[in-house]
Amino acid sequence: ACSTVDDGSSISGKGASGSANCGSGDEQSAITAAVKGRTLKVGFAPPILSEFYTQVEKSAFNRMSELEECYGIKWEWARQGALNDAHSGVEAVGIVENFISNKFDAVFVCSAAAHATMQEIYKAGSEKGVDFYQFNSTEELENPSQADDPTAGLSTVSNIGYDDRWQSGYIAGQYLAKALQGEGQIVQILGPSGSDWTKLRQQGFEAAISEFPGMTIVGSADGGYVRDKGLTAAQDLLTKFPDIAAIYGENEDMALGASQAIDLAGLKHWDGTKGIITIGADGLISGMDSIRQDKLSATVDVNSVDMGRTMIDTLFQHEILGMTVAQFIQIPTVVIDKTNVDWAEAKIAASQAGSGKY
Amino acid sequence: MPSRPRSAGQVTRNAWERLLVDPTLGVISLLLIFALIAAFALPVFYAGNNIYNLVGTIITVMILSIGMTVVLISGGIDLSVGAVMALCAGVAATLIKMGAPLFLAFIAAILVGIAAGLVNGLLITRVGLPDFIATLAMMGFASGLLYIATQGVPVIGYMTDEYYVIGGLRPLFGPVTFPILVAVILALVVGWVLASTKLGTHFFAVGSNALAARQSGIPVRWVKTQAYVLSGTCAAIAGIILAGRNNNVPADLGTGYEIQAISAAIIGGASLMGGRGRVFGAVLGALTLALAINIINLAGVPSSYQKIVMGVILILAVIANYLSELARGATLRRQAKRLSSIAA
Amino acid sequence: MKHSSPFARIMSIPGMPMTVVLIVSVIVFQLLNPVFLDGRTVGNYLTNGIPILLLTLGVSIVIIGGGIDLSVGTVAGLSAGTTMFALVNGAPLAVGIAVGCGTGLLFGLVNGILVAYLRINDFIVTLATLNIAAGLLVVLSQVQPLQGVTVPGFSELTKGSVFGIPTSFFIAGVVFVIAHLLLAKTIVGRRLYATGISAPASNVAGVSVPHLRLFTFAASGLLAGIAGVLFASRLGAVQAFLGIGYEFIAIAGAVVGGITLAGGGGSVWAALVGGLFLATLQQGLRINNVDPVYFSIVTAVAIVFGVVFERQVRRVILRAALNRTALSTNDRGRSADQHMNERQPAERVAAVTAPEGSKNDAK
Amino acid sequence: MTYPAKPTSTRSLMLEVRDVTKHYEGVTALDHAGLSLGAGEIHALLGGNGAGKSTLISILSGVTKPDSGEIVLGGEMISVSGPLAAMSAGISTIYQELSLVPALSVLDNIYLGRELKRKTLGLPLTLDRRRMEADVRDLAADFGVTSSELRQPVSEFGALKKRSIEIIKALAFDTKVLILDEPTSGLEEAERRVLFSHMRSMRDRGVSLIWVTHHLEELFGLADKATVFKDGRTVGTVDIASTSVGDLIGLMFGAAQEEFGGGDTRKITHLEPSHKRRVVLSARNLSRGSAIRDVCLEVHEGEIVGLAGLAGAGRTEVVRLLMGLDARTAGTVELDGRRLSLRNSTAAYRAGIAMLPEDRKQLGILADLSTAQNISISRLSTVASAGFWMSRRKERALAEDYRRQLGIKTPNVEARIGNLSGGNQQKAIVARCLNTSPKLLIFDEPTQGIDVSAKVEVHALVRDYAANGGAAILIASEIEELLELSHRVLVMKKGQVVGEVRDIPAAIEAGDFSRIKSEVLTLSAAGQIS
Ligand SMILES: Nc1ncnc2c1ncn2[C@@H]1O[C@H](COP(=O)(O)OP(=O)(O)OP(=O)(O)O)[C@@H](O)[C@H]1O
Ligand SMILES: Nc1ncnc2c1ncn2[C@@H]1O[C@H](COP(=O)(O)OP(=O)(O)OP(=O)(O)O)[C@@H](O)[C@H]1O
Ligand SMILES: [Mg+2]
Ligand SMILES: [Mg+2]
């Protein structure tokens with residue numbers, strides 16, 4: 001909430017769809033000259049391999065190929081993810097250290113490891129000439145010293161993420177309040193207890209709901225960020241609270257599990273006026289059909305597409321053009337429901353198509 | 001002729017004593033305790049279709065634990081069930097998505113499960129790898145294949161009307177869902193195999209005393225291999241069902257299932273030392289695990305305490321088993337006493 | 001085995017063939033990417049790997065004694081948490097470390113008492129304590145963020161170095177040497193192996209099996225505690241999920257190194273090389289930028305080949321050694337026999353009809 | 001009771017083993033060994049421990065593959081590729097080591113691998129336990145196994161009943177060749193007689209039997225021929241009718257019978273009346289539930305007290321209580337006047353009690369440890385410095401000492417004990433006990449499964465121990481052995497002491513052996529509570 005919003009508009013490029021736009025001829029040749037045919041060696045370290053991070057990665061590939069086409073920059077891309085401990089971050093440390101040993105130019109990290117742990121490694125890496133960018137992290141909310149100095153304690157070039165108050169939890173709450181007109185009982189299905197994302201989303205969601213006295217959160221259960229556990233949790237919550245108006249799934253998979261629980265219990269999905277609302281967060285291509293079919297009422301799209309593109313743009317600006325970039329870059333988000341699912345899906349689909357691999 | 005005290009064979013056991021010496025007593029008593037707690041503390045436990053949901057929740061673990069019980073009885077362990085289950089789910093889902101008829105996709109998935117079990121069995125009995133290592137490697141191999149095939153993006157878009165039924169999301173007839181039917185049939189068949197067939201006897205023999213089994217002309221390696229094949233088949237069946245229930249197949253679908261399946265089997269009376277185990281016990285063991293989560297959710301235990309409660313419940317489970325062993329011992333002693341007073 | 005060559009003798013020590021596998025894999029990775037053995041890289045990956053090696057050691061001790069301990073991972077996580085908690089709240093370094101080690105030891109004792117004296121199945125008991133430790137860490141991390149420790153010396157446990165060698169190497173070295181001496185050279189170690197080979201027979205021979213069981217779990221818990229302290233020092237912050245899943249890596253490392261799950265077999269060295277092999281494999285794939293989707297398959301195949309290779313090496317070498325000793329042992333056996341009895345072989349075979357078979361020579 | 005052997009010349013050859021060789025790690029178990037077995041003949045296979053008898057048997061039964069050699073059955077050369085092949089060729093075996101599956105019922109064990117099936121859904125899928133039970137019921141009853149016991153898991157039975165089950169298992173099927181590897185070891189007189197009559201009737205039906213035993217006196221009147229093995233080689237074959245125990249021993253060990261004390265094994269130190277001797281052990285009202293009730297027992301310095309009784313009389317259980325291996329429910333035990341805690345076996349060893357257990361394979365040896373390590377395990381402080389630091393040198397020296405003293409035959413005290421022969425394993429366990437310098441030493445079936453020569457040596461060890469002032473309790477199911485060694489015998493039945501026979505050496509000296517023997521037998525079979 002304390003950052004400059006920068007959507008990377010200073011370099012040209014195609015949008016989510018359409019053919020590459022390399023700027024005017026002069027501009028193109030000048031930037032090409034600045035690139036000098038260089039190859040950037042980039043590391044990409046998501047916390048796990050999942051649909052969301054694949055969407056981010058593919059969007060990045062898309063943008064990379066555009067820049068290559070326009071300005072002749074070459075890319076060397078390496079992905080490394082934790083295998084054993086997605087949530088504790090011990091492996092993340094080793095992964096990032098290896099990127100440093102292999103002398104990468106820049107590394108994108110999204111890690112579950114603690115703020116303090118990672119910043120220290122970034123610092124050591126920066127001294128060896130590796131630039132670090134964080135993405136999809138909760139950085140801006142983590143570091144208390146930023147109240148006075150936004151860059152205090154940070155050793156990254158930039159942090160590309162989204163917030164919308166506590167990692168989308170707040171706007172999910174707002175959406176519910178609006179749809180339900182401030183009345184109704186809600187249950188939450190949470191991610192594994194102890195995760196930062198879980199904590200923040202829950203805080204944001206509860207903050208939004210607390211603004212409406214007619215709305216109460218009556219129960220919550222652990223759905224472990226996966227669908228079948230979400231389904232089980234939702235079933236139990238529906239048994240205990242048969243009269244609820246909405247289920248908030250902290251990620252989309254759990255919300256989809258909840259939606260199945262509603263079907264199994266023979267209850268009705270939200271049709272715009274009645275039924276149970278299910279809302280999640282992520283913006284996954286695999287969830288779009290469910291929104292179209294009214295199975296999932298809504299999801300907060302945290303915009304994997306622009307996250308990926310902006311990551312590459314920011315990298316290009318800083319590494320090639322020597323520009324200063326914002327310490328915190330916030331990607332816009334949107335709540336997708338039946339009204340806007342078509343374009344949202346089209347946008348994601350376009351970013352995933354045809355970009356090849358690096 | 002009077003028998004020796006401990007064999008205690010001559011006294012016909014009455015129903016109560018039969019119950020007390022039953023090896024599944026521990027898990028049964030635990031289930032009863034849970035049910036009682038639930039009945040008093042959580043009236044909602046019996047509301048609506050809670051128990052029905054609960055069974056639906058655990059069916060995949062239950063199916064896995066049936067296969068696991070056979071592997072444990074034959075003296076092995078299968079860590080690969082979760083990953084193989086996920087791989088088979090992925091195979092079925094992908095084939096259906098590509099337009100294959102359901103039953104062909106299922107046959108393909110089951111073949112994959114059988115193949116995985118066969119490879120496990122051969123690695124263990126022919127190459128001579130320790131069972132732990134072989135199935136650990138298979139776990140990595142199966143989940144690796146699924147990761148490579150999906151690149152971390154779940155398989156979706158394969159659900160058909162029939163598949164909703166197969167996944168148990170719509171009942172088959174009355175309140176009976178397809179997964180429940182499958183689990184019941186599987187439990188009955190495997191239970192029958194163990195109790196009444198040659199192969200079942202051989203599973204026990206191989207796990208309890210492999211040398212004796214070999215000396216009796218039992219093809220020990222082949223019997224062990226069959227146990228793994230059975231476990232792989234169960235994993236495939238569980239995968240087919242879970243793909244339906246889950247509506248998508250992410251690469252990490254099977255994570256943690258192997259521990260649940262092993263726990264269910266052990267709570268149900270199987271032993272890591274081989275030669276012991278019961279299908280009925282494993283089914284009840286799986287139910288116990290589901291019941292624990294159910295009680296936690298219904299009681300509104302804050303999610304940060306759930307793991308602790310789970311741990312305590314597990315300890316209670318084994319202590320219940322322990323107490324039932326004591327009761328069993330006491331009963332046998334009482335019988336012995338009666339026996340010697342008759343004999344005297 | 002007196003007559004076997006020194007090489008064969010070395011190879012018949014548990015863990016030695018796997019050492020060969022380990023060395024070969026290090027060479028291969030070094031050839032693929034010269035950064036692999038770069039001082040800093042090696043230092044980092046070993047420092048990261050040491051806590052897990054300690055867990056492998058702990059699990060190995062339990063397994064050698066005939067048990068299994070699934071709780072090591074999350075107990076290490078919880079110990080990291082309690083260490084941090086103590087330090088964050090102003091405890092001096094020594095107290096912080098003691099708290100972490102004490103947490104591990106406490107869990108080990110609880111496991112041990114339940115398993116050894118109440119004779120409850122160790123698999124389930126430690127699965128239960130696995131969950132309890134994980135849950136307690138979640139709760140603890142919600143009480144207070146477990147980071148921001150400035151106690152002098154704490155981060156040096158893993159980040160400092162003495163004579164250019166990272167401090168944690170010394171810690172691990174001391175632990176491993178003590179463990180080795182304990183298992184290989186002391187009365188306790190001998191009783192431990194005996195218990196693992198056969199608990200009932202050891203019991204009859206006067207070994208107090210329950211005490212030893214308790215000891216193994218306590219040792220494993222203590223090692224998990226030390227691992228936790230090192231985790232905390234290394235990470236500088238502890239999160240709620242620390243340690244989950246490490247039990248698998250630890251057990252796999254032990255078994256890959258040649259520690260038999262049935263108990264009574266293996267050594268500290270075997271645990272060390274097994275754990276190092278797994279860590280090296282993962283590091284080798286990472287430093288060569290292999291896409292993680294291939295990791296589990298490559299690891300699976302490598303484990304199978306590593307173990308098969310180990311067995312082959314051992315078998316071939318043992319066979320060669322035995323062929324050489326078989327004759328001599330036999331001769332010695334015979335002569336000892338005769339010497340002992342000082343008796344003449346029976347000459348009075350008058351009533352004896354020797355079977356035809358014995359007259360024929362081998363075909 | 002003598003049964004003349006049938007003349008051999010009329011019989012055709014049933015089985016011939018030629019030139020079989022088998023090497024194990026570091027050992028040549030069989031060295032061009034041979035054996036010819038006539039049809040309808042009981043053929044004893046004799047030899048000291050480790051002579052290679054069991055190895056030959058496991059080759060014949062397809063469990064082990066020979067390195068070289070031929071097997072000819074009924075005139076045809078056969079290859080015994082596995083146990084199943086052996087069975088279908090008509091070779092059936094009772095193994096030396098119990099080969100029963102504890103988890104299965106007696107019935108399933110008997111039929112293991114040869115199950116009878118009935119049809120389910122038109123296919124022969126289901127086990128036909130009813131038919132199996134009907135078929136085997138009478139045979140089982142002969143060996144004291146009732147119908148209801150047939151349905152119980154084998155794990156619920158003791159060692160002796162297991163042996164009977166094993167015998168039933170081998171007798172239940174028609175075979176051409178029946179191999180029995182020490183079938184009588186530990187069997188009681190009555191069961192032994194049943195077994196012998198079955199063996200005889202099988203021979204009369206034309207079955208050939210290979211019979212391994214260390215009880216040479218059993219052979220006479222039963223076996224037709226004997227082949228003797230030594231060090232893996234065939235020494236020769238003799239007609240039982242024209243030989244004697246002494247001759248056989250001579251063949252087996254290459255020594256005259258006298259050297260084994262074969263003439264008079266009953267040399268036992270005469271003890272002064274017991275009230276003059278110090279009481280070493282005094283157990284009062286020892287009980288364990290209803291299995292052991294009110295056992296009182298005193299052992300004096302230099303005295304060997306025998307425990308007699310039928311199988312399951314509770315002898316082993318009593319000594320397990322003394323060792324603290326099982327928990328007692330009542331009673332006290334004093335050793336040298338001091339009350340024992342009986343908490344666990346460690347306390348027992350520390351207090352000065354040591355035990356040689358009856359089940360050598362399961363409870364005696366630690367198979368994967370070396371002989372030296374097996375000897376030192378019960379009192380490691382004797383081979384340690386500073387009370388905890390193992391000294392390999394001391395351990396070796398200790399083991400070498402005992403090796404010399406007790407005549408343990410092993411190429412190397414650091415070789416795995418599991419590969420030693422039974423007798424030598426047993427001596428190592430005796431060494432282990434002696435190493436704890438016990439005040440009371442318990443021998444539970446000390447000579448089970450060991451050869452005549454080792455038996456004599458073990459007997460000598462027991463005697464020496466007592467002669468040097470040690471107190472001993474001896475359990476032996478062979479009544480002769482028990483009487484030969486004990487000063488005094490307590491007879492147990494159903495967990496209680498039902499009688500006592502005193503002054504045994506004097507009685508034997510007076511030529512009253514058969515009187516006291518029948519006294520003990522009567523007491524253990526029918527004795528009333530005294
Ligand atoms: N599996 C094995 N591994 C190594 N050595 C073995 C093995 N089995 C037997 N031996 C060795 O082979 C030799 C022959 O043993 P075998 O068991 O055939 O003797 P045996 O005549 O049956 O003796 P006993 O009367 O004690 O039963 C012995 O020296 C024994 O130690
Ligand atoms: N029914 C049984 N269940 C379990 N173990 C048994 C049973 N019967 C005997 N045992 C054990 O098997 C072993 C051999 O038993 P054994 O036949 O020698 O009988 P015992 O009761 O010990 O008495 P005895 O030595 O007088 O025969 C002993 O260790 C005994 O404890
Ligand atoms: Mg033998
Ligand atoms: Mg006995």
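Values below: all heavy atoms of this structure, side chains included; hydrogens, waters and symmetry mates excluded. Letters go in sequence order (proteins before strands), and every chain restarts at 1.
- Contact of the B/Tyr257 side chain with the A/Asp228 side chain is registered, since non-hydrogen atoms from C-beta on lie closer than 4.5 Å.
- Using a 4.5 Å cut-off on side-chain heavy atoms (C-beta onward), B/Asn247 and A/Gln260 make contact.
- Interface residue B/Gln151: backbone and side-chain heavy atoms are both found under 4.5 Å from chain A.
- Side-chain contact between B/Asn248 and A/Asp253 is present, with at least one heavy-atom pair separated by less than 4.5 Å.
- Pairing each heavy atom of B/Asn297 with each of A/Ala221, the nearest pair is OD1-CB, 3.6 Å.
- Of the two parts of B/Leu253, neither the backbone nor the side chain holds a non-hydrogen atom closer than 4.5 Å to a non-hydrogen atom of chain A.
- Taking chain B as the reference chain and counting heavy-atom pairs below 4.5 Å, the highest number among A/Val226, A/Asp289, A/Leu264 is found for A/Leu264.
- Here OG1 of A/Thr232 is found 5.0 Å from CZ of B/Arg245. Values are rounded to the nearest 0.5 Å.
- Contacts between A/Thr54 and chain B at a heavy-atom distance below 4.5 Å involve the side chain alone, from C-beta outward.
- A 4.5 Å side-chain heavy-atom check between B/Asn53 and A/Thr239 finds at least one atom pair inside the cut-off.
- Enclosure of atom OH in B/Tyr164 by more than 12 non-hydrogen atoms of other residues, nucleotides or ligands within 6.0 angstrom is indicated.
- Residue with the most contacts toward chain B among A/Lys229, A/Gln55, A/Lys240: A/Lys240 (heavy-atom pairs, distance under 4.5 Å).
- Nearest approach of B/Val153 to A/Glu51, heavy atoms of both residues: CG1-CG, 3.9 Å.
- Comparing B/Thr57, B/Ile156, B/Asn246 by heavy-atom pairs within less than 4.5 Å of chain A, the highest count is held by B/Asn246.
- Nearest heavy-atom pair, A/Asp236 versus B/Leu298, reported as atom, atom and distance to 0.1 Å: O-CD2, 3.4 Å.
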